[in-house]
Amino acid sequence: MSDRAADAAGLGRPRAAAFMAPALLLITAFLVVPALWTLVLGATNYRLTGLAAANPQFVGTGNITEALSDPGFGWSLWLTLLFVLGSAIFGQSLAGLSLAWSLRSAPKVVKAVVETLVLMAWILPSSVVAFLWVAYLSRHGGTLNAILQTPGTDWLIQHPMASIIVFNIWRGTAFSMLLFSAALSAVPPSQMESARLVGAGTLAQLRDVVFPHIRGHVLTNTLLISLWTFNDFTPYLLTAGGPNHATEILPVFIYNRALYGGELGYGSAISFLMLIINLVIALFYVRLLRERR
Amino acid sequence: MGEIRIEGLTKVYSGNVTALDRLDLTINDGEFFALLGPSGCGKTTLLRTIAGLEVATSGRIHIGERDVTKMSPGDRDVAMVFQDYALFPHMTVSDNIAYPLRIRKVDQASRAQTAARVGAGLGLNGLLERRPGELSGGQQQRVALARAMACEPSAFLFDEPLSNLDARLRLEARTFLKGLQHQLGVTTVFVTHDQAEALAMADRIAVMEAGRLRQLGTPAEIFHRPIDTFVANFIGSAPMTMLDADLVRGRLYVAGTTIEQEVAVRWSGPDPSDGPVVLGIRPEYVRVGAFGPMTVQATIRIVENLGATVLLTAETASGDRLQALVPDGTQPAVGAQVELSPVAERVLLYDEEGHLMTPATQAAPAPA
Amino acid sequence: MSPQAFLRRVGFVLFLAVVTAFWALPMLWLVTAPFDAHPGLTVRWPEWTLDNFRRLSESPYAFSSLRNSVLLAGGAMILVTVFGALAAYALSRVHVPGRGAILYGMLLLSSIVTGTAAMVPIFQLMFTLGLIDDRTGVILVLTGGLLPAAIFVLKDFMDATPRSYEESARVFGASPTQVLRHVVLPIARPGLATIAVWALVNAWGDFLTAYILLRDPTKTPAGVVMYTFYSEGGQANLPLISAFSVLYALPVVVLYIFVSRRYGFRFHGGIKS
Ligand SMILES: Nc1ncnc2c1ncn2[C@@H]1O[C@H](COP(=O)(O)OP(=O)(O)OP(=O)(O)O)[C@@H](O)[C@H]1O
Ligand SMILES: [Mg+2]
């Protein structure tokens, strides 16, 4: 169906505008305005309390240059990079792909059970799963220590980054799994068959037959989960950025500095940098979407 | 009451596509009228503009006594059957048929009654409680017809009503639709790009091209006297053979053949001036053997069996192709040297611009 | 079976076992502890009881927070579905100038301006509007964040339904509102249900927005109360936490089952953004 009638239901432009108005208003108020506000706030020394609260001064790019030279920010950026690389780009992608691949040939019941478990991890409210992991990893009486026979190990203190990375793999693999199962089911079985007939092993099949088909999906998946992981606040619920800033990824850093510590101007400058990084990832993604249309 | 009069109708889509170009057309009351033409010529646009789904850029439309140009679709008292039937998937057949009455606030009981009555007339009893998704293509089409009939409009508009049916069903539906229209006597406009369908069903046909009317006439007129080479090419199951010819002092010469004819014999008006012309010959009116004044020597190249008839493609000495449609069993073999004789009264002459030169008096056949 | 094939088989089974354990183990606690008379942090076979749920009423905030969650998630769901459907319909059916730009702009915005990246300006904005500690404010912020994706998905859905349905109704004389009521709404129902569930689950699980915008403990939703239950100093009240987390998680599980039964779990990358 191309651009047939300009107006199938006879709505007319005025009514169409009225239909769109509430949504556009809300989006403008809560997405566009905050984005612009970040710019303005980021350029002031605004604080929640004290002198600067009453009379914020314009500091220009001062906050941004301050951020860029602040070791706390650099450290946080480094942790974020580790977090995104480890839990999303490697962890979730690989786990999602291997799950999607192996569940194809698994018995129906097994498939249903594993899929449901992985999906549950994804859709349960974040404060619930966070506590589940706090309990699971806890030093005294945690189930993990009981299984591994490592009593007294405090995972969240001794291995904080590894813990939240593994946690996020557990939490977010579902999306990659769903996307890759959809992608794999679109690979023509005849091509797999003929690869198997000429004696290709699993790896060769993946490389020669499957990968060319799912290349686009791999890219989509990587971009989306990177974006989401980059913006994920859930680790805060496990460690609140501690111990001693060891898990203070950017979202947590912003929260701790701006809303907890009250440095709104400085926090805005970091938010601004975060928005820019988001923009870069999102632009890639939207371009990808457009090309596929 | 159901006459549709179209005056100077123009439709320009955004992006400057002129889909209809100053169209004048009158569709008589009770007529079964076909809009025929190649893809993209504006048939659907014309139909939708009559229905009010598109707004005319300029020009007027009257239905009966009323000027409906500015009216909204619901006020025009027409019913439209869409190519995909547009049956509402969430309503039963009965609710679908009675939908126009629901809009008119007819009560539930009489709606069901009407749906049952109209449905029965179209052989839909027993299907009334089903959903459209549970019907065959032919049944869906009849539900769509029933829904259109239920609102008793002053005109029906059909957009390619048969194109979603398979070949066999299409023939049946053709006969059925024609019978139905005859019985109802309601003005009906239908769009098709299938010339056979138009010839078979319509009382009159409008052949369109690029938003303009090329020819308007009965099926017989259109078939036997296509007004120009465009229409001639478009009409007929086998395309008309076009031979370049020369008119010299009232005589017709076709290069490489012995066709040589005293044109004056067949012209009642003033003699046409000398120059190149095009000779149009329908394969249906070419016989094998030497008959009459227009005999051509040719070699049979292709023989296609069409069942009761056989289509021969032959090549003349000058390399022109000439086709002939002959009864099965009378066809010569491939490679045979034969004489082919176009029926002189059926041959058409077109001038260099492709306009028909043969005067109307020569058109022999009365509509069968 | 050749030894090689056997090994591969064993590897396959082992892999599935490890995967299942990895995902199941942390979740087991949610199934056992709430029904255990003396819940600890370790997963164990419970001494069955429902007493923990009764003790929920002893906490002043447990039930009120669930009510708040219903309010917030329900409000966001209704606004997202209604406003999203209206906008998507207009964008799909009426040629609005620059609609491609509007759509892509919105999609881009919603991926960039996430709750985390924009928490500071959103806090500021709500502060200025006097909507701090106001549940309406949370609903509006959540709605604004979910709307673009909802519009995008719904527009795709509307684009896939033929216009001839509406045109047909119109030729029979239906007014625009009748077209919407009789034809568009019923046909779009699966798409609307999908978006409603999606919005509900997202808003239900929200933590950050409510955490930064609500102060009054009688107004905070379950997500935040759950966090305060275990993050506030002192001995964690495990009977309370376990029973509460089940109640809080249950609606999501029920919806998941409903959605996967009804539509299969395949729509647009699933239930979360
Ligand atoms: N909504 C529209 N916007 C712009 N151009 C259009 C629109 N609808 C149709 N057109 C153009 O107008 C011309 C006529 O289209 P129309 O659909 O009337 O043709 P048609 O004769 O019905 O063709 P077909 O046999 O393929 O259905 C075409 O060039 C088409 O591309
Ligand atoms: Mg058409």
Side-chain angles (χ1 to χ4, degrees), chain A residues 1 4-11 16 19-20 22-23 26-27 29-31 33-35 37-38 41 102 106 110 114 117-118 121-128 131-136 138 141-143 146 175 178-179 227 231 233 237 251 258-259 264 267-268 271 274-275 278-279 282 286, chain C residues 15-16 19-20 23-26 29-30 40-43 83 86-87 89-90 93-96 104 106 108-109 111-114 116-118 120-125 141 143-144 147-148 151 163 166-167 170 176 179 201 205 207-208 212 223 226-227 230 245 248-249 252 256 269-272:
Chain A
M1 225 42 202
R4 249 254 166 260
D7 183 0
L11 275 185
F19 275 25
M20 286 170 31
L26 279 178
I27 290 170
F30 298 109
L31 292 180
V33 171
W37 203 309
T38 316
L41 266 186
S102 50
V110 177
V114 175
L117 283 174
V118 177
W122 191 38
I123 61 176
L124 286 177
S126 47
S127 43
V128 170
F131 181 71
L132 287 179
W133 274 75
V134 169
Y136 185 56
S138 75
T143 308
F175 178 79
L178 286 180
L179 190 90
L227 193 71
N231 287 277
F233 193 69
L237 296 168
L259 295 177
L264 284 180
S268 279
S271 294
M274 217 173 142
L275 287 175
N278 281 349
L279 177 69
V286 169
Chain C
F15 172 76
L16 286 182
V19 159
T20 312
W23 263 280
L25 282 175
W29 188 86
L30 191 58
L41 288 173
T42 326
V43 173
F83 291 166
L86 288 176
Y89 185 71
R93 291 313 199 225
V94 181
H95 189 87
V96 184
Y104 279 103
M106 278 188 338
L108 206 62
L109 261 177
S111 7
I112 300 166
V113 190
T114 56
T116 25
V120 182
I122 283 177
F123 175 80
Q124 250 336 92
L125 180 67
V141 171
T143 306
L147 263 176
I151 293 176
R163 285 141 200 266
E166 291 130 271
E167 291 175 342
R170 228 147 60 86
V179 172
V201 169
F207 169 78
L208 181 62
I212 61 175
M226 175 75 204
Y227 178 64
Y230 72 79
S245 33
Y248 177 36
V252 176
Y256 163 71
I271 203 162
K272 274 189 52 172

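Just so it is clear: chains get the letters A, B, ... in the order the sequence lines come, proteins before strands, and each one is counted from 1.
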Part of C:V19 lying under 4.5 Å from any heavy atom of chain A: side chain
Test item: A:F19 and C:R93 side chains (from C-beta on) under 4.5 Å apart, heavy atoms: no
Heavy-atom side-chain proximity of C:L147 to A:L31 below 4.5 angstrom: no
Top contributor to chain C interface from A:S102, A:G142, A:A121, A:S126 [non-hydrogen pairs under 4.5 Å]: A:S102
Choice from C:L109, C:L16, C:T114, C:L86 maximising heavy atom contacts with chain A below 4.5 Å: C:L86
Side chain / backbone / both / neither for C:L30 at chain A, heavy atoms under 4.5 Å: both
Side chain, backbone, both or neither of A:A29 within contact of chain C (heavy atoms, under 4.5 Å): backbone
Side-chain (C:W29) to main-chain (A:W133) donor-acceptor, under 3.5 angstrom: no
Which of C:L208, C:I122, C:T20 touches chain A most, by non-hydrogen pairs under 4.5 Å: C:L208
Region of A:V114 in contact with chain C, defined by heavy-atom distances below 4.5 Å: side chain
Structural part of C:L125 lying under 4.5 Å from a heavy atom of chain A: both
Plane angle bin for C:Y227 and C:F207 - parallel if under 30°, tilted between 30 and 60°, otherwise perpendicular: perpendicular
Residue among C:G205, C:G144, C:A118, C:A117 with most heavy-atom pairs under 4.5 Å to chain A: C:A117
Donor-acceptor pair, side chain of A:T143 and main chain of C:V43, under 3.5 angstrom: yes
4.5 Å side-chain heavy-atom contact, C:Y230 and A:L237: yes
Interface residue of largest heavy-atom contact number with chain C, from A:G267, A:P34, A:S138, A:A146, under 4.5 Å: A:P34
Note, A:N278 side chain near A:L227 side chain (heavy atom, < 4.5 Å): yes
Residue C:T143 versus chain A: region with a heavy atom under 4.5 Å: side chain
Any A:V128 side-chain heavy atom under 4.5 Å of C:V252 side chain: no
